[in-house]
Amino acid sequence: MKKVTIVLLLLSQLSLFAQDYKFGKVSKEELVEKFYPLDSTADAAYLYKSRRTYYDYVQGDGFQSVTEIHERIKIYTKEGFDMATKSVAYYTPEVGEEQAVSSIKGYTYSLENGKVVKEKLSKNSIFKEKKNRSYSIKKITMPNIKIGAVLEIKYKLISPYANSIDDLEFQYGILLRS
């Protein structure tokens, strides 16, 4: 019985050490960081990347898949500025049902005079581009990029094709902090 109690006590303490990545809450420690601890040559790194896919029922249309994306990226060098533009491809056929990218929210955080400054993504920084007959791209350009900034973006990809889920990437062009 003592062993069970000890194990339960230890497991309950694990959640205390978990990092909190609520959207809109960036820590000063993330902004102060000058280089990625595991690779000091990194131009940028994902501090957090989350993807959640679920099904939603819409009256008259049936089921649709909804994928929510939340990313937080730290910029370490000017070469990392490329990460300030996010391109999201989605299906937009000439005939048939389209996917949609919606609920786009984003902030650029920086440290100025020891205080966290938060700049909101404006609708003027979101562009739609037709890639070909079947696909479009939403390009999202984050504001006020500088070395040391943390970018945070959240959006939804809504698809009427409930039987199809996009592939999940496990390797990225920049580092993913574990």
Side-chain angles (χ1 to χ4, degrees), residues 13-54 66-91 99-131 135-159 165-178:
Q13 298 303 310
L14 290 177
S15 65
L16 294 177
F17 298 110
Q19 293 182 353
D20 185 19
Y21 288 105
K22 289 185 180 175
F23 184 77
K25 304 287 183 189
V26 172
S27 70
K28 225 178 200 182
E29 290 77 28
E30 290 172 318
L31 291 165
V32 170
E33 190 175 84
K34 299 288 183 202
F35 61 90
Y36 183 61
L38 299 177
D39 181 0
S40 61
T41 64
D43 298 322
Y46 281 102
L47 301 179
Y48 179 72
K49 186 169 175 106
S50 168
R51 173 180 160 168
R52 177 178 172 246
T53 300
Y54 58 92
V66 179
T67 301
E68 296 177 351
I69 305 289
H70 178 192
E71 298 176 349
R72 188 177 292 175
I73 300 169
K74 171 74 177 186
I75 306 296
Y76 296 106
T77 67
K78 283 191 177 195
E79 288 77 18
F81 286 9
D82 292 342
M83 297 308 299
T85 300
K86 176 78 178 171
S87 295
V88 182
Y90 59 105
Y91 188 58
Q99 292 180 328
V101 179
S102 68
S103 304
I104 301 170
K105 297 177 187 174
Y107 292 98
T108 299
Y109 303 91
S110 57
L111 206 56
E112 293 180 14
N113 300 323
K115 294 189 178 188
V116 177
V117 176
K118 177 177 175 178
E119 182 145 355
K120 186 177 182 177
L121 173 69
S122 79
K123 291 184 182 195
N124 296 338
S125 297
I126 302 170
F127 308 96
K128 180 181 177 181
E129 180 181 300
K130 190 72 172 164
K131 183 176 179 181
Y135 282 90
S136 292
I137 297 175
K138 263 305 165 148
K139 287 198 174 182
I140 305 161
T141 305
M142 300 301 290
N144 199 20
I145 302 306
K146 55 178 93 170
I147 294 173
V150 172
L151 316 175
E152 188 169 42
I153 188 166
K154 190 175 192 178
Y155 61 91
K156 290 181 183 180
L157 178 61
I158 301 169
S159 175
I165 297 175
D166 289 341
D167 292 336
L168 181 61
E169 283 184 59
F170 286 104
Q171 293 191 3
Y172 307 98
I174 64 172
L175 300 170
L176 180 61
R177 181 181 287 184
S178 51

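We're numbering straight along the sequence, starting at 1.
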At their closest point, which heavy atom of [X] faces which heavy atom of [Y], and how far apart are they?
X: Gly80; Y: Ala44; value: CA-CB, 4.2 Å
X: Lys105; Y: Leu121; value: C-CD2, 4.4 Å
X: Tyr76; Y: Ala42; value: CB-O, 3.5 Å

Trace of the side-chain contact (heavy atoms from CB on, under 4.5 Å) decision for Leu47 with Glu30: CA-CA 8 Å; Leu47 301 179; Glu30 290 172 318; 3.8 Å; yes
Exceeds 12 heavy-atom contacts within 6.0 angstrom, atom NZ of Lys118: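 Yes - once you tally the heavy atoms of other residues, nucleotides and ligands closer than 6.0 Å, there are more than 12.
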Lys74 (side chain) donor-acceptor with Leu31 (main chain) under 3.5 angstrom: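 Looks like yes, one N/O pair under 3.5 Å.
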Partners meeting ring pair (Phe, Tyr, Trp, His ring centres under 6.0 Å) with Phe127 (sequence neighbours left out):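 Residues passing ring pair (Phe, Tyr, Trp, His ring centres under 6.0 Å) with Phe127: none at all.
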Which residues share a ring pair (Phe, Tyr, Trp, His ring centres under 6.0 Å) with Tyr155, sequence neighbours left out: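 Ring pair (Phe, Tyr, Trp, His ring centres under 6.0 Å) list for Tyr155, sorted by chain: empty.
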Check against side-chain contact (heavy atoms from CB on, under 4.5 Å), Thr108 and Ile145: CA-CA 7 Å; Thr108 299; Ile145 302 306; 4.0 Å; yes
Check against side-chain contact (heavy atoms from CB on, under 4.5 Å), Tyr54 and Arg52: CA-CA 7 Å; Tyr54 58 92; Arg52 177 178 172 246; 3.4 Å; yes
Spacing of [atom1] belonging to [X] relative to [atom2] belonging to [Y], to within rounding of 0.5 Å:
X: Lys154; Y: Arg72; atom1: NZ; atom2: CZ; value: 10.5 Å
X: Glu152; Y: Tyr107; atom1: CD; atom2: OH; value: 9.0 Å
X: Lys86; Y: Glu71; atom1: NZ; atom2: CD; value: 3.5 Å
X: Leu151; Y: Ile140; atom1: CG; atom2: CD1; value: 12.0 Å
X: Lys78; Y: Ile147; atom1: NZ; atom2: CD1; value: 6.0 Å
X: Met142; Y: Ile75; atom1: CE; atom2: CD1; value: 9.5 Å

Contacts of Ser122 that satisfy side-chain contact (heavy atoms from CB on, under 4.5 Å) - sequence neighbours left out: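 Only Asn124, Ser125 meet the side-chain contact (heavy atoms from CB on, under 4.5 Å) criterion with Ser122.
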Residues which pass side-chain contact (heavy atoms from CB on, under 4.5 Å) with Lys123, listed by chain and number, not counting sequence neighbours: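 By the side-chain contact (heavy atoms from CB on, under 4.5 Å) rule, Lys123 matches no residue at all.
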Partner set under side chain to side chain donor-acceptor pair (under 3.5 Å) for Ser103, not counting sequence neighbours: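 With neighbours one apart ignored, the set is empty.
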Please tabulate, for the side chains in residues 110-117, all donor-acceptor contacts under 3.5 angstrom to protein atoms that are two or more places apart in sequence or on a different chain.
residue	atom	partner	partner atom	Å
Glu112	OE2	Lys146	NZ	3.0

Ion pair Lys139/Glu129, N-O distance below 4.0 Å: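 Answer for the salt bridge query: yes.
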Criterion side-chain contact (heavy atoms from CB on, under 4.5 Å) on Tyr90 and Ser136, from CA distance to verdict: CA-CA 6 Å; Tyr90 59 105; Ser136 292; 3.7 Å; yes
Result of checking Ile69, Thr67, Leu157 against Thr53 for side-chain contact (heavy atoms from CB on, under 4.5 Å):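 By the side-chain contact (heavy atoms from CB on, under 4.5 Å) criterion, Thr53 pairs with just one of Ile69, Thr67, Leu157: Thr67.
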Mutual orientation of the aromatic rings belonging to His70 and Tyr48 [parallel < 30°, tilted 30-60°, perpendicular > 60°]: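 The rings of His70 and Tyr48 stand perpendicular, inter-plane angle above 60°.
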